[in-house]
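In what follows, a single structure is set out as structure tokens and then discussed.
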Amino acid sequence: VTASGSGDRRRTAASVPDLVARLRTGDPRSVARAISLVEDESPLLRELMAALAPLAGRAHVVGLTGPPGVGKSTSTNALVGQLRARGHTVGVLAVDPSSPFTGGALLGDRIRMADHALDRGVFIRSMASRGHLGGLAWSTPQAIRVLDAAGCDVILVETVGVGQSEVEIAGQADTTVILLAPGGGDGIQAAKAGILEIGDVYVVNKADRDGATQVRRDLRRMLGMGAARDDWQPPILATVASQGQGIDAVADALATHLRWLEETGERSRRRAVRAAQEIEAIAIARLRAAWSPAGAGVAADLATEVADGVLDPYAAADRLLDARS
Ligand SMILES: Nc1nc2c(ncn2[C@@H]2O[C@H](COP(=O)(O)OP(=O)(O)OP(=O)(O)O)[C@@H](O)[C@H]2O)c(=O)[nH]1
Ligand SMILES: [Mg+2]
């Protein structure tokens, strides 16, 4: 079921308790509407999150990230099929940190996801930052909470790797899957982007292409050079996502990692880190809103005073914090 929000948003707002009651039954329209409330930063959001908080926390949140065109959407699509075959309900959140509006690339994702469009056990939703500063830092965990409360066993969060964003999304997942592919020196770029520290599972997709073995070898060498992390050895898998090859092994690796997270207590630790990031993002968004109702950034008069040397920046920051309520 494609949980697209357009249209739902214009309907007369049902009460939050009604919405939550329907959402808990897995009603796709309610899921779509709840995620639209997140995206629109609705005034109802606070009540919605309060109602959903005790209902969420069950789902296995899996982040999939990697360079543009590496095969994230194709892999997600194949993985949805694999997880459905194992009896799991699945939520898919395609997050686009680079685009302020839901645009062309995500439309492409929706079309590819059409394989699952009629399946009641699958929710698919794309989400963009809508230009909010740091917006995805609080909106992504909230959308995850909606899907979790709606009963998704596994939530796949696809993000395009653009610099820092994959690291941020990794902080929000229980399990982070890094996708690479041969060509374009991805292995080397990966090392630069700090990808070697954040992956729980590495997948070299497009294994049907020349150079895939080399990418796996490079990855194995580079992962081996880093300091040993905990007692989890990230597997390095090979897939041909467009043909569904190797996807069963990816699903196995996700299940194995979830078991490891639970046995070691690492799952609770990661969830606490995620909650801390979410709280911070909400608090910072609120401070920004209090300072600049017009969205113009730091109060202009203070900025002028600092620029003119009338006020020092620390004193200006004090005034800003004092003025927040
Ligand atoms: N040869 C080959 N092509 C593949 C494979 N997997 C995906 N592709 C193709 O690679 C292209 C990009 O795939 P996507 O799944 O859209 O990649 P993506 O990472 O989601 O792309 P963005 O979301 O735009 O960053 C498509 O044309 C796919 O058909 C594969 O295993 N082998
Ligand atoms: Mg994609």
Side-chain angles (χ1 to χ4, degrees), residues 1-5 22-36 38 52 55-66 71-96 106 108-127 140-159 169-170 172-179 200-201 203 205 237 239 241-242 244-259 261-262 267 271 274:
V1 174
T2 302
S4 89
R22 277 183 283 122
L23 191 142
R24 291 183 74 174
T25 69
D27 170 45
R29 286 180 148 281
S30 306
V31 173
R33 178 158 156 72
I35 295 181
S36 293
V38 173
L52 294 186
L55 305 176
R58 261 189 61 255
H60 182 197
V61 182
V62 176
L64 285 108
T65 191
K72 295 178 294 297
S73 298
T74 313
S75 301
T76 300
N77 187 44
L79 205 46
V80 168
Q82 185 61 231
L83 293 167
R84 290 295 293 138
R86 295 176 183 212
H88 299 305
T89 52
V90 186
V92 176
L93 205 56
V95 176
D96 189 348
L106 292 171
D109 289 337
R110 281 190 186 156
I111 290 165
R112 237 168 268 128
M113 288 292 176
D115 285 5
H116 305 289
L118 296 175
D119 184 347
R120 280 282 306 223
V122 182
F123 300 96
I124 296 160
R125 179 58 186 254
S126 38
M127 206 167 62
T140 305
Q142 293 192 350
I144 289 171
R145 189 172 292 118
V146 168
L147 291 167
D148 194 338
C152 293
D153 299 318
V154 183
I155 300 170
L156 304 173
V157 185
E158 178 193 334
T159 331
I169 296 299
Q172 302 184 339
D174 297 317
T175 302
T176 297
V177 179
I178 306 288
L179 276 94
D200 299 304
V201 175
V203 177
N205 188 41
L237 307 172
T239 56
S242 50
Q245 283 173 29
I247 301 296
D248 51 345
V250 177
D252 286 345
L254 297 181
T256 306
H257 188 249
L258 178 62
R259 220 174 305 126
L261 288 171
E262 282 170 345
R267 192 177 196 201
R271 296 200 153 201
R274 197 194 310 170

Shortest non-hydrogen contact from [X] to [Y]?
{"X": "Ala78", "Y": "Ala241", "result": "CB-O, 4.2 Å"}
{"X": "Val61", "Y": "Ile144", "result": "CG2-CG2, 3.7 Å"}
{"X": "Asp153", "Y": "Gly87", "result": "OD2-O, 4.1 Å"}
{"X": "Leu237", "Y": "Ala249", "result": "CD1-O, 3.7 Å"}
{"X": "Ala59", "Y": "Asp174", "result": "O-OD2, 3.5 Å"}
{"X": "Phe123", "Y": "Gly26", "result": "CZ-O, 3.3 Å"}

Can you find a heavy atom in the side chain of Pro28 that is under 4.5 Å from one in the side chain of Arg125? no
Roughly how far, to the nearest 0.5 Å, is the [atom2] atom of [Y] from the [atom1] atom of [X]?
{"X": "Ile124", "Y": "Leu93", "atom1": "CD1", "atom2": "CG", "answer": "11.0 Å"}
{"X": "Leu64", "Y": "Leu79", "atom1": "CG", "atom2": "CG", "answer": "6.5 Å"}
{"X": "Arg271", "Y": "Leu261", "atom1": "CZ", "atom2": "CG", "answer": "9.0 Å"}
{"X": "Thr140", "Y": "Arg274", "atom1": "OG1", "atom2": "CZ", "answer": "11.0 Å"}
{"X": "His60", "Y": "Leu156", "atom1": "NE2", "atom2": "CG", "answer": "9.5 Å"}
{"X": "Ile178", "Y": "Thr65", "atom1": "CD1", "atom2": "OG1", "answer": "6.0 Å"}

The side chain to side chain donor-acceptor pair (under 3.5 Å) partners of Thr239 (sequence neighbours excluded) come to Asn205
Any residue meeting side chain to side chain donor-acceptor pair (under 3.5 Å) with Asp148, in chain and number order, not counting sequence neighbours: none
Please evaluate residues Asn77 and Thr74 with respect to the criterion side chain to side chain contact (heavy atoms under 4.5 Å, CB included), reporting the C-alpha separation (whole Å), side-chain torsions for both, the decisive distance (0.1 Å), and the verdict. CA-CA 5 Å; Asn77 187 44; Thr74 313; 5.7 Å; no
Can you name the one residue among Asp200, Val157, Leu254 that meets side chain to side chain contact (heavy atoms under 4.5 Å, CB included) with Val177? Leu254
When you look at Ile35 and Gln142, which way does the side chain to side chain contact (heavy atoms under 4.5 Å, CB included) test go after all the steps? CA-CA 8 Å; Ile35 295 181; Gln142 293 192 350; over 6 Å; no
Sequence-distant partners of Arg24, salt bridge (Lys or Arg N to Asp or Glu O under 4.0 Å), two or more places apart: none
Just to verify, what does Arg86 make a side-chain contact (heavy atoms from CB on, under 4.5 Å) with, not counting sequence neighbours? Gln82, His88, Asp248, Ala251, Asp252
Tell me whether Thr89 contacts the main-chain N or O of Gly151 through its side chain, where contact means a donor paired with an acceptor under 3.5 Å. yes
Would the distance check show the side chain of Lys72 and the main-chain N or O of Leu179 forming a donor-acceptor pair, the cut-off being under 3.5 Å? no
Could you pull out all residues at least two apart from His257 that satisfy ring pair (Phe, Tyr, Trp, His ring centres under 6.0 Å)? Trp232, Trp260
